[in-house]
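Order of the sequence lines fixes the chain letters, A, B, ..., with proteins taken first and strands second; residue numbering starts at 1 for each chain.
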Amino acid sequence: MWLLNIKNGIFLATDLRIWDSFPGFIKICLIVSLLAIVGIVLAMLDIAIKRHLNKKEARQLAQLTEKINELLIAALVTDRGEKNGHLIKSSFEPSFLFKMGVSEKEVKKILVQELLKFRSSFAGSIADRARKLYMDLSLHTEALKRVHKKNWETKVNAMMELFKMDVPIDETYLQILLLDKNRYIREFARLALIKFTTGDPLQILREIKEPISQLEEIEMFLLFQLKDDYTPSSMDGLLSVYTEPTIASLCLKLAVQFDQESAVPYIIQLLQTEDLKLRGEAITALAKIGQKRSRKYLIETYPEQPQIVQLDILSALGSIQSSETVEFLEKEFIGSADFEIKKHASDALIQLYPLSKKIIEKLEQNEDPLNQIILSHSQNPLINAS
Amino acid sequence: MKQFFDRFFESYQNVVFVYCVAIYMVYALLTLFSYLSIVANIRMNCIREKLVLMQSPLSPGISIITAAFNEELTITNNVRSLLNMNYPLFEVIIVNDGSTDQTMETLIREFSLTEVEYAYHYFIPSAAVNRIYKSENAAWSGLLVLDKVNAGCKADAINAGINASNHPYFLNTDVDCILDKDTLIQLIQPFVDDEKRVIATGATLRMVNDCVVESGVLVEARIPKGFLPRFQEIEYIRSFVLGKMGWNLINAIPNVSGGLGMFDKEIVIKSGGYDPNSFGEDMELMMRMSKYMLDTKQPYAIRYIPQSLCWTEGPSALKVFKRQRVRWSRGLYQVFSTYYKLLFNPKYKKLGLIVLPYNLIFELCAPLIEFLGIICYIYLIVSDLINWPSALVLLLFVYSFSILITLLSIVWDQLVIGRYRLREVIRLCLFAFLEPILYHPLVIVFSLTGYVNQFFKIKSTWGHMERKGFMPVQQIETVSIQSTSG
């Protein structure tokens, strides 16, 4: 009867008697099935329509980007003359771009995007002119407004734009953003503060009490590296067991990068940390900056350390040229049964060449096949080239 | 007796119904989760500058580890493509797993390899490594080749590679997989950006079967033409884009695929490396790593990204497909026979309360329940006990909902991938209608075969994937010239 109804094209629900005869769960299934069928149709339409619209939009944007690029090349690369410092703007007239069928907002977005590409792909005068054009077209004022928007993504993107264009953001406002609930806002506020602060950027690190991600550490390190004529001030309060470990780790890398001998006493303090990774990093930094001053300390503390830190000490000793170091490394190489200890000691000995020449020759006579392979491994330039 | 069967099957209908409703509720939730997860990933990609990692001396090093067994025809191009990844610090470790063809000789000749005395240490167990090679050519200084005794499984070869690796992270992939040039930079991102310690990351895998590949590089992505690979493409999209991305939102990913996964080497070694005796070594490793992290009370995360970074050849022959699926289901069975104590154990948090129960109820038991359901259906038809209107409504419910889920996964996929032509995507959608009728029954049968084999401990080997190879650009051009002249 039910099948007959369907065959006759009569919709099931119209026959209320059949509908009523179904148990409740079947009714629910039927409703869900109908919804699913509608969903299927909508999903397929979504794919077809979106693809079509995206293709159309992509074509329009590609044309616009090409046009913008032509104009930018003419204004930033080809035409290098300047009149009253404003030629760049007058030779770049974007008004007709707004008539290309794309919204003004989109045009500005692509313009900024392309200007940023010029900033990152070129150095020197072209990058400076890209910034000048950005300012002359007052694009920065819009970004500065967006920084105050509620949406975190808009805020972060605006900060990023200004950051890359070297347009300072109000420090007081950035200080407020440091307390924001959103981790990305806090992160970009920190980066912007380090970049734009007129004071000591290390002071900003002192105020960070939460762990930073490895990516943020990498970005911060890059910022310090790129700062013109920068010499870090004292590392006091940054390299201590009470500092947030991720910040201490960054400061150790900065101390090495800027060859901060004055940081050595603080690094020695940091060797007391219970964080083994940080302790290892402190040892590496100490050996690179402190050189001979740290040798004695490292050798003395070696027996008390866990294996993972011992490996860092052995690697660190490889950069300290002294006969006592060579003797110590030889002892560890022969005496230890631990493969990793042997390998690190051997690598360090090879690094100390030619000071370790005689010892290496002596060790090569050693009959232990494992020792021979390890020494051979450390000496092989093909292995160590990578 | 008949009375017993009548009663059993009548009540079994209710079990199947409740099971269906439960599974669809979970899928609906996963669909929502995966959407949120994908949107979050897209937003993240807008604010994260990949260039920073490329420029920095602090970017962590990565070892790409891959096993090769009888790959003499494709090994040169594949290794070249691995050596050309976009990343500042990485090495490529090829483990020749006792190939019986000219794989090793080809590598030696093409990459100017020379044997070196390498201090190799067995941090995790693996079969003996006979020789280790480095290239004399400085251009390939990042290449390390291990020639080891075949142990009959990929897990053992990867363990050997881990032992020889020099970086804190490693990427495990298959040598015949075609990787996107940005694979390393994309997969390392969660490791350096997440607030928790990330122990593994993965990305979407796709079928390379009819794609255009030139010198180990994907030139044009295409939907597979063959029935079996095309169904697998649909299954992969659903599994990766919807399943893995959904679980990603609540940090409850059960498994990182053996075809493409990046791992924290320290945790892998501390957990004991891959289990060479496991048929599902990738899931087994994730269970062990997760267990290790929970036992040592370290917060951790396993992450997935929706981008398609790896293109792998799916079996196009039924025999090979069967072998693969039987192996996978044996692996799943093994995982539960090893880790049953973790099930519903609150000490193991999400692993014990979500990941394992979900996999037990909706993955391991699914083929059994579905198979019994079919038997029940047949019995009720034969016994004339079936209520046709209700049965057809239920069938429509199951069919329409499963298609909707698949189509939504394709819609989500379109948010991140625009490589396919619209015509091809539509074709893929249409195949979703056939999948429950043609492909899914095969998967059920092969899964059950796997359970039976595992239960009775029937011996089986990994078997070698018979590859059809890729369609090079030249061939495409020839085809198009012929068709125009014709």
Answer with side chain, backbone, both or neither: which region of [X] has an atom nearer than 4.5 Å to a non-hydrogen atom of chain A?
X         : answer
Ser135(B) : backbone
Val425(B) : side chain
Phe17(B)  : side chain
Phe433(B) : side chain

State whether the number of non-hydrogen atoms from other residues, nucleotides or ligands found under 6.0 Å of [X] atom [atom1] is greater than 12.
X         : atom1 : value
Glu210(A) : CD    : yes
Leu276(A) : CG    : yes
Lys277(A) : NZ    : no
Tyr35(B)  : OH    : no

Any side-chain heavy-atom pair of [X] and [Y] under 4.5 Å:
X         : Y         : value
Leu382(A) : Glu136(B) : yes
Lys50(A)  : Gln414(B) : no
Ile218(A) : Gln55(B)  : no
Ile37(A)  : Leu396(B) : yes
Leu422(B) : Ile47(A)  : yes
Arg43(B)  : Trp152(A) : yes
Lys164(A) : Glu49(B)  : yes
Phe25(A)  : Ser390(B) : no

- Partner residues of Lys343(A) under the side-chain hydrogen bond (donor to acceptor under 3.5 Å, both in side chains) criterion, sequence neighbours left out: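 Lys343(A) satisfies side-chain hydrogen bond (donor to acceptor under 3.5 Å, both in side chains) with no residue once adjacent residues are dropped.
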
- Query: Can Arg48(B) and Glu187(A) be said to form a salt bridge (charged side-chain N to carboxylate O under 4.0 Å, His left out), step by step?
  - Reply: CA-CA 12 Å; Arg48(B) 284 302 185 218; Glu187(A) 192 182 309; 2.8 Å; yes

How long is the span from the [atom1] atom in [X] to the [atom2] atom in [Y], to the nearest 0.5 Å?
X         : Y         : atom1 : atom2 : value
Ile26(A)  : Leu392(B) : CD1   : CG    : 10.0 Å
Glu117(B) : Ile374(A) : CD    : CD1   : 11.0 Å
Tyr24(B)  : Cys29(A)  : OH    : SG    : 10.0 Å
Arg423(B) : Arg51(A)  : CZ    : CZ    : 11.5 Å
Ile47(B)  : Asn157(A) : CD1   : CG    : 7.5 Å
Gln214(A) : Leu58(B)  : CD    : CG    : 8.0 Å

Minimum heavy-atom separation for [X] to [Y], with atom names?
X         : Y         : result
Ile40(A)  : Ser400(B) : CD1-O, 3.6 Å
Cys46(B)  : Met160(A) : O-CE, 3.5 Å
Val192(B) : Ser213(A) : O-CB, 3.5 Å

- With only heavy atoms counted, which part of Ile373(A) is less than 4.5 Å from chain B, the side chain, the backbone, both or neither?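 Both parts, heavy atoms under 4.5 Å.
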
- Can you say whether Glu340(A) sits under 4.5 Å from chain B via the side chain, the backbone, both, or neither, judging by heavy atoms?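 For Glu340(A), the side chain is the part near chain B, not the backbone.
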
- Check ring-ring contact (aromatic ring centres under 6.0 Å, His included) between Tyr118(B) and all other residues, then give those that pass, not counting sequence neighbours. His377(A)

- Query: Quick one: of Met44(A), Arg183(A), Glu219(A), Lys55(A), who has the most non-hydrogen atom pairs under 4.5 Å with chain B?
  - Reply: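 Between Met44(A), Arg183(A), Glu219(A), Lys55(A), the count favours Arg183(A).
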
- Please lay out, stage by stage, how Gln189(B) and Leu215(A) fare under the test side-chain contact (heavy atoms from CB on, under 4.5 Å). CA-CA 8 Å; Gln189(B) 191 84 17; Leu215(A) 194 64; 3.5 Å; yes

- Task: May I ask you to decide if the ring planes of Phe339(A) and His121(B) are parallel, tilted or perpendicular, using 30° and 60° as cut-offs?
- Result: parallel

